[in-house]
Amino acid sequence: MQIVETIDALRVARAALRGRVGLVPTMGYLHEGHRSLVCAIGERCDQVIATIYVNPTQFAPDEDLSTYPRDLERDFALLEREGVALVFTPSDALMYPKGYQTYVTVEGVTQGREGGTRPTHFRGVTTIVAKLFNLTQPDVAIFGQKDAQQVVVLRQMVRDLNIPIEILVGPIVREADGLALSSRNVYLDTPERSAALVLSQALAQAAEHYDRGERDPRKLLAVVQELVEAEPLAVLDYVSLATARTFVEVARPTEEPLLLSVAVQVGKPRLLDNTLLPASLNTLAGATATLGVV
Ligand code: AMP
């Protein structure tokens, strides 16, 4: 596995890769969720590139950029075990040199939900991902359903800017008790770790209602809202029920695939979780075929 930190070295190493090349962009502090993305894309490509970069432009000034957990040596070991060919770990000075002034902005689908709470977040995401796409020139890239709005936004960007990269969507990897894995889970103390289960439990309950035939958006949203609000250590940020393809909030019952997503503050971290409805779509094939596909 080659580890490169400069653009020249990246271009040389990239040019030497043969066949179909897959990209897994990450911010590091890798866990099973990241590993599952590396595995899934590895099965569909000849060579895998991973990037590790804590991108400052997607953090607001009051967010956890300076304390974001990092462990590069452990990350390299995991990526090496998974057969990754090339890892790119750029510095801030390399990605945003003095005088930097170009940003990529996606409009409609960045509004509301994560974009409502974090108004500058997606501009940072689309800018860095566009740069990483240009630098690594992959045939295919994979992102997690965990950050479902990010998938919808990136698919919009790829479509609008005619970027010839296929986007795969990996299902959410969870702890045995249901908590979605996240690098930020390290911030949770023991009582908060228990309280954090409310996200997956509330979504699972709503999915059960959906399976039993409930289609009223207000009722499905209320299931999640009431369960989260009953947990004293949890503060609901938003709960959203949107069409999986267009990410428009639904007001009426529909048989279209839906995305039910929730953001909850539990102690320090804001935790995200979601489910596609029907929940049988929560697979690589299901999410790739529905989330942000228009
Ligand atoms: P991050 O390092 O948090 O930027 O995440 C890198 C990629 O891993 C993103 O595409 C995330 O959506 C994805 N990811 C994060 N958590 C999970 C998880 N629990 N299961 C699957 N993918 C995940």
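Order of appearance sets the numbers: ligands from 1, and atoms from 1 within every ligand. This one's a predicted model, so the numbers in the text were calculated from it and none came from an experiment.
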Quiz prompt | Test of proximity, Ile142 against ligand 1: N or O pairs below 3.5 Å | solution = no
Quiz item: Would you say ligand 1 has an N or O under 3.5 Å from any N or O of Ser183?
Solution: no
Short list, please: which atoms of ligand 1 are under 4.0 Å from a heavy atom of [X]?
X: Ile172; value: 20 (N)
X: Leu181; value: 16 (N), 17 (C), 18 (C), 19 (N)
X: Phe143; value: 10 (O)

So, is the end of the [X] side chain (NZ or CZ) under 6.0 Å from the ring centre of [Y] and within 45° of the ring's axis?
X: Lys131; Y: Tyr53; value: no
X: Arg81; Y: Phe76; value: no
X: Arg155; Y: Phe247; value: no
X: Arg123; Y: Tyr103; value: yes

Quiz item: Of Arg35, Glu32, His31, Met27, which has the heavy atom at the shortest distance from atom 17 (C) of ligand 1?
Solution: His31
Quiz item: Any idea which of Gly144, Ala50, Pro171 brings a heavy atom closest to atom 9 (C) of ligand 1?
Solution: Gly144
Quiz prompt | Distance-only donor-acceptor check, side chains Asp237 and Gln265, under 3.5 Å | solution = no
To which protein heavy atom is [atom] closest, and what is the distance rounded to 0.1 Å?
atom: atom 23 (C) of ligand 1; value: Lys146 CB, 4.1 Å
atom: atom 5 (O) of ligand 1; value: His34 NE2, 3.4 Å
atom: atom 3 (O) of ligand 1; value: Tyr68 OH, 3.8 Å
atom: atom 11 (C) of ligand 1; value: Asp147 OD2, 3.1 Å
atom: atom 20 (N) of ligand 1; value: Val173 N, 2.9 Å
atom: atom 13 (C) of ligand 1; value: Leu37 CD1, 3.6 Å

Self-check item: Ionic contact status for Glu114 with Arg270, cut-off 4.0 Å
Solution: yes
Practice problem: Using a 4.0 Å heavy-atom threshold (strictly under), name the region of Pro25 that reaches ligand 1: side chain, backbone, both or neither. | Solution: backbone
Exercise. Using a 4.0 Å heavy-atom threshold (strictly under), name the region of Val24 that reaches ligand 1: side chain, backbone, both or neither.
Key: neither
Quiz item: Taking atom NZ of Lys268 as the centre, does the number of heavy atoms from other residues, nucleotides or ligands within less than 6.0 Å exceed 12?
Solution: yes
Quiz item: Should we say atom CZ of Arg218 is surrounded by more than 12 heavy atoms from elsewhere, each under 6.0 Å from it?
Solution: no
Exercise. Could you tell me which non-hydrogen atom of Leu72 sits nearest to which non-hydrogen atom of Thr89, and how far apart they are?
Key: CD2-CG2, 4.2 Å
Quiz item: Any idea which heavy atoms bring Ala230 and Pro232 closest together, and the distance?
Solution: O-CD, 3.3 Å
